[in-house]
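Have a look at the structure below before the remarks.
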2 protein chains.
Amino acid sequence: MKNPRGGRSVSAEDVAKLAGVSRASVSRVFSDQGNVARETRKKILQAANELGYQVNFLAQGLNRKRSQLIGVVVARLSDPFRSSLLEGLLSEIQRKGYQALVTEVRDADELEMTIRRFTQFRVSGVVVTSGQPPADLVKECVQHNVPVVGINRHVEFPEVDLVCSDNKMAAELVAEQLIACGCQSIAWLNYRESTWSGINRGDMFQQVMAETSRDLFEIVAEADGYEGGRQAAHVFCAEGRNVDGVFCANAQLACGFLDGMRENGLDAPHDFRIIGFDNTPQTAQYSYRLTTIHQDVEKTAWRVLSCLEARGKDPSIDQSIEEIPVKLVIRNT
Amino acid sequence: MKNPRGGRSVSAEDVAKLAGVSRASVSRVFSDQGNVARETRKKILQAANELGYQVNFLAQGLNRKRSQLIGVVVARLSDPFRSSLLEGLLSEIQRKGYQALVTEVRDADELEMTIRRFTQFRVSGVVVTSGQPPADLVKECVQHNVPVVGINRHVEFPEVDLVCSDNKMAAELVAEQLIACGCQSIAWLNYRESTWSGINRGDMFQQVMAETSRDLFEIVAEADGYEGGRQAAHVFCAEGRNVDGVFCANAQLACGFLDGMRENGLDAPHDFRIIGFDNTPQTAQYSYRLTTIHQDVEKTAWRVLSCLEARGKDPSIDQSIEEIPVKLVIRNT
DNA sequence: TTAACAAATGAACACGTGTTCAGTGGTTTG
DNA sequence: CAAACCACTGAACACGTGTTCATTTGTTAA
């Protein structure tokens with residue numbers, strides 16, 4: 001751990017000098033490319049260890065025209081499902097030897113700036129968990145050979161791979177469960193200005209219900225999150241309507257709706273059944289014990305990274321649209 | 001938006017050629033350094049715009065020996081306060097023109113690998129929100145002139161700046177509130193293997209209580225999070241003990257403890273008072289309406305970045321230990 | 001008119017790495 | 001024994017930028 005250069009970081013040049021070989025051999029050892037004699041490798045590793053040498057990723061990326069970075073676009077981390085999704089992505093990104101470049105975006109402008117900056121860092125891939133990337137940016141990524149994949153969203157460009165939870169399967173599981181519990185009138189609860197994934201979940205549920213020739217009431221929440229669900233319950237009760245089975249677009253709406261109903265003297269599972277989406281920690285709490293659809297975050301993250309790597313090797317492959325199976329976690333409601 | 005080079009990305013060289021100037025002038029324009037005539041600047045900007053030129057951050061960082069990246073160490077994003085802290089950090093990092101390099105660590109080994117990788121990317125700074133960075137790594141960062149700052153933790157190295165929520169102030173606010181509500185026997189609830197910040201909060205509370213010559217019961221949760229709090233309440237009631245005021249180390253313990261007490265027929269604010277830490281969304285929900293200490297995430301993030309920039313300019317400045325004021329959010333309990 | 005000066009510019013180097021290409025020596029094959 | 005082959009090595013170039021230094025140009029002071 002000496003430091004022969006005044007304050008400057010040690011480079012492959014220094015290692016080469018100490019080991020008595022050329023810098024090219026040092027590079028070969030650390031990039032695991034080309035042949036190098038066992039004896040030389042040993043000398044180099046020892047010298048590197050002594051100096052505390054570490055590859056400069058900026059120089060490496062500059063030369064390879066590609067860094068080990070992966071850009072991740074997120075939004076509204078306060079939503080517990082989103083943060084658990086980010087957690088899964090981070091874990092998988094690190095496991096594969098990459099580093100995550102995370103940016104939070106609030107509007108389309110920020111998304112544009114973000115993706116532009118990602119390409120300036122020569123990222124190996126971009127993961128979009130929120131927002132719709134504009135057409136010219138996607139084109140730019142394609143030109144730079146930067147793979148893009150979207151999670152739980154719809155993107156109209158054939159170069160962008162997609163990984164979604166299987167909303168059709170979720171709808172079938174929920175319908176089956178509610179019907180098995182004897183529900184007669186079933187409703188779908190969603191926020192009025194929901195994201196694409198929320199809308200898609202509703203469409204799928206509608207479709208499944210139609211297949212079994214049942215009507216589907218729609219409850220529209222005027223606000224998002226817990227408060228939105230709670231208020232929706234109050235409005236629902238005030239209007240004197242009645243259902244015995246509710247499927248909610250996400251966990252927060254579900255918890256809010258359940259609490260709202262409780263305030264009106266109705267509780268699950270006694271008076272009605274309710275099933276949520278996103279198996280967030282809160283839904284598991286004793287005060288809720290909410291039956292809910294569980295999205296497989298690990299598998300989603302795994303699939304995302306294999307998409308990135310596949311398209312990184314061959315940018316011309318067909319678009320991949322993968323649906324990740326979901327599970328129904330049956331609890332109390 | 002032409003692309004005169006076959007598939008390759010446009011460089012400053014191309015812009016210079018099109019504008020009829022030297023590459024040096026292009027560099028001067030985009031790094032805002034040195035003088036350049038108004039007319040030439042205009043020509044360069046126009047050419048750059050036409051070609052869609054963007055600075056290559058890897059080359060820039062390689063030359064400047066410093067990238068615009070800031071490494072952020074996180075853990076357990078499923079904890080809602082941690083994700084909101086990350087959200088605040090991201091927002092501030094982007095506002096200042098940096099990019100966040102986020103890594104999740106589970107143990108000391110991962111932390112070591114992570115910080116090592118951060119230095120390999122020549123980050124402008126490192127933010128540690130979890131774990132204790134080992135001594136030699138901190139030394140390494142200091143040698144590379146990489147500022148390190150810790151949030152809500154204790155680090156024994158004078159080169160590492162610290163930003164903490166003011167736990168003493170929190171303790172005083174809570175004590176004042178509980179006493180004003182007429183509480184006679186007051187307790188402190190924490191997880192047995194809590195982090196430093198949890199322990200510190202307890203110590204401060206103990207100290208404040210001692211100053212007013214009051215006893216402080218300690219309730220020790222054998223598990224962390226919501227379930228830990230809930231079980232602690234059951235054990236507490238089973239032992240037949242009794243208090244009328246509880247201060248909890250974090251929001252999840254508080255919610256769990258409250259629910260556990262409710263299962264035993266006791267509820268706040270009627271039978272006892274309870275105050276949590278971390279003003280998470282769940283504590284605001286109607287079913288809890290928990291009185292809680294609010295940490296100022298925005299100010300924390302702001303302070304973190306000004307520490308980084310200050311030490312980035314002059315690495316030899318004195319250690320800064322800043323305590324961020326907290327607020328007591330009075331709700332129902 | 002000349003000297004002194006400030007602003008603007010381009011050539012050249014440095015940053016630290018990956019990779020090609022031409023060699024070297026040693027071993028196998030005909 | 002010559003030829004062909006193989007593993008191994010080092011010199012040199014490329015990646016795209018920031019920055020120094022010398023030079024040119026235009027302007028002011030003596």
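Protein chains get the first letters and strands the later ones, always in sequence-line order, with residue 1 at the start of each.
- In this structure, Tyr98(A) has no ring-ring contact (aromatic ring centres under 6.0 Å, His included) partners at least two apart in sequence or on a different chain.
- Between Leu62(A) atom CG and dA14(D) atom P the separation is 14 Å, expressed in whole Å.
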For nucleotides 20-22 of chain C, tabulate all protein N/O to nucleotide N/O atom pairs closer than 3.5 Å, reporting atom names and distance.
none

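- A salt bridge links Arg41(A) with Asp32(A): the closest approach of a Lys/Arg side-chain nitrogen to an acidic carboxylate oxygen falls below 4.0 angstrom.
- Here dT9(C) presents its C1' atom at 11 Å from NZ of Lys43(B), a figure rounded to the nearest Å.
- Among the nucleotides dT17(C), dC8(D), dA8(C), the one closest to the side chain of Asn35(A) is dC8(D).
- The phosphate of dT17(C) has neither OP1 nor OP2 within less than 4.0 Å of any side-chain N or O from Ser31(A).
- In the set dG10(C), dT17(C), dG10(D), dT17(C) carries the atom at the smallest distance from any side-chain atom of Asn63(A).
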Report the C-alpha separation of Arg153(B) and Thr129(B) in whole Å, then their side-chain angles, then the decisive distance to 0.1 Å, and conclude whether the side-chain hydrogen bond (donor to acceptor under 3.5 Å, both in side chains) test is met. CA-CA 8 Å; Arg153(B) 66 203 45 262; Thr129(B) 72; 5.8 Å; no
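- Close to dG16(D), at under 4.0 Å from its OP1 or OP2, lies no side-chain N or O of Gln60(B).
- Among the nucleotides dT17(D), dT9(D), dG16(D), the one closest to any side-chain atom of Arg23(B) is dT17(D).
- Rounded to an integer number of Å, the gap from CZ of Arg38(A) to P of dT9(D) is 12 Å.
- The nearest pair of heavy atoms linking Ala48(B) to Val15(B) is N-CG1, 3.9 Å.
- Summary of helix geometry: the two end axes of the helix from dT1(C)-dA30(D) to dG30(C)-dC1(D), each defined by five base pairs via their C1' atoms, are inclined to each other by 40° (rounded to 10°).
- Applying the 4.0 Å criterion to OP1 and OP2 of dG18(C), one finds that Gln33(A) has every side-chain N and O outside that range.
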Donor-acceptor contacts, no H, no angles, side chain residues 103-112 of chain A, under 3.5 Å, sequence neighbours left out:
{"residue": "Thr103(A)", "atom": "OG1", "partner": "Gln99(B)", "partner atom": "OE1", "Å": "3.3"}
{"residue": "Arg106(A)", "atom": "NH1", "partner": "Glu110(A)", "partner atom": "OE2", "Å": "3.0"}
{"residue": "Arg106(A)", "atom": "NH2", "partner": "Ser91(B)", "partner atom": "OG", "Å": "3.3"}
{"residue": "Asp107(A)", "atom": "OD1", "partner": "Asp109(A)", "partner atom": "N", "Å": "3.1"}
{"residue": "Asp107(A)", "atom": "OD1", "partner": "Glu110(A)", "partner atom": "N", "Å": "2.9"}
{"residue": "Glu110(A)", "atom": "OE1", "partner": "Arg106(A)", "partner atom": "N", "Å": "3.0"}

Using residues 81-88 of chain A as the side-chain source, report each donor-acceptor pair under 3.5 Å to any protein atom, sequence neighbours left out, with the distance given to one decimal.
{"residue": "Ser83(A)", "atom": "OG", "partner": "Pro80(A)", "partner atom": "O", "Å": "3.0"}
{"residue": "Ser84(A)", "atom": "OG", "partner": "Phe81(A)", "partner atom": "O", "Å": "3.0"}

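- Salt-bridge formation is not detected for the pair Lys42(A)/Glu39(A): no Lys NZ or Arg NE/NH1/NH2 atom is positioned less than 4.0 Å from an Asp or Glu carboxylate oxygen.
- When rounded to the nearest whole Å, the span between CD of Glu13(B) and P of dC15(D) equals 10 Å.
- Computed from coordinates, the Gln68(A) CD to dG16(C) C1' distance equals 15 Å when rounded to whole Å.
- The side chain of Asn56(B) approaches dT17(D) more closely than any other nucleotide in the set dT17(D), dT19(C), dG18(D).
- Among the heavy atoms of the strands lying under 4.0 Å from Tyr53(B) are primed sugar atoms or P, OP1, OP2 only; no base atom is included.
- Between Gln54(A) atom CD and dT17(C) atom P the separation is 11 Å, expressed in whole Å.
- Of the candidate nucleotides dG18(C), dT19(C), dT9(C), dT9(C) has the atom lying nearest to any side-chain atom of Thr40(B).
- Scored by the side chain to side chain contact (heavy atoms under 4.5 Å, CB included) test, Ser27(A) finds Ser31(A) as partners (sequence neighbours excluded).
- Residues Asn145(A) and Arg66(A) come closest through the heavy atom pair O-NH1, 2.8 Å.
- Proximity note for Ser22(A) (side chain, C-beta onward) versus dG10(D), dT17(C), dT17(D): the nearest is dG10(D).
- Between Glu159(A) and Arg311(A) no salt bridge is recorded (no basic side-chain N to carboxylate O distance below 4.0 Å).
- Residue contacts for Val26(A): at a heavy-atom cut-off of 4.0 Å it reaches no nucleic acid atom on any strand shown.
- Arg122(B) places its CZ atom 7 Å from the P atom of dG16(C), with the value rounded to the nearest Å.
- Residue-level contact check: Ser25(A) touches the backbone only, with heavy atoms under 4.0 Å from sugar-phosphate atoms and none from bases.
- Atoms CG (Leu58(B)) and P (dG18(C)) sit 13 Å apart, rounded to a whole Å.
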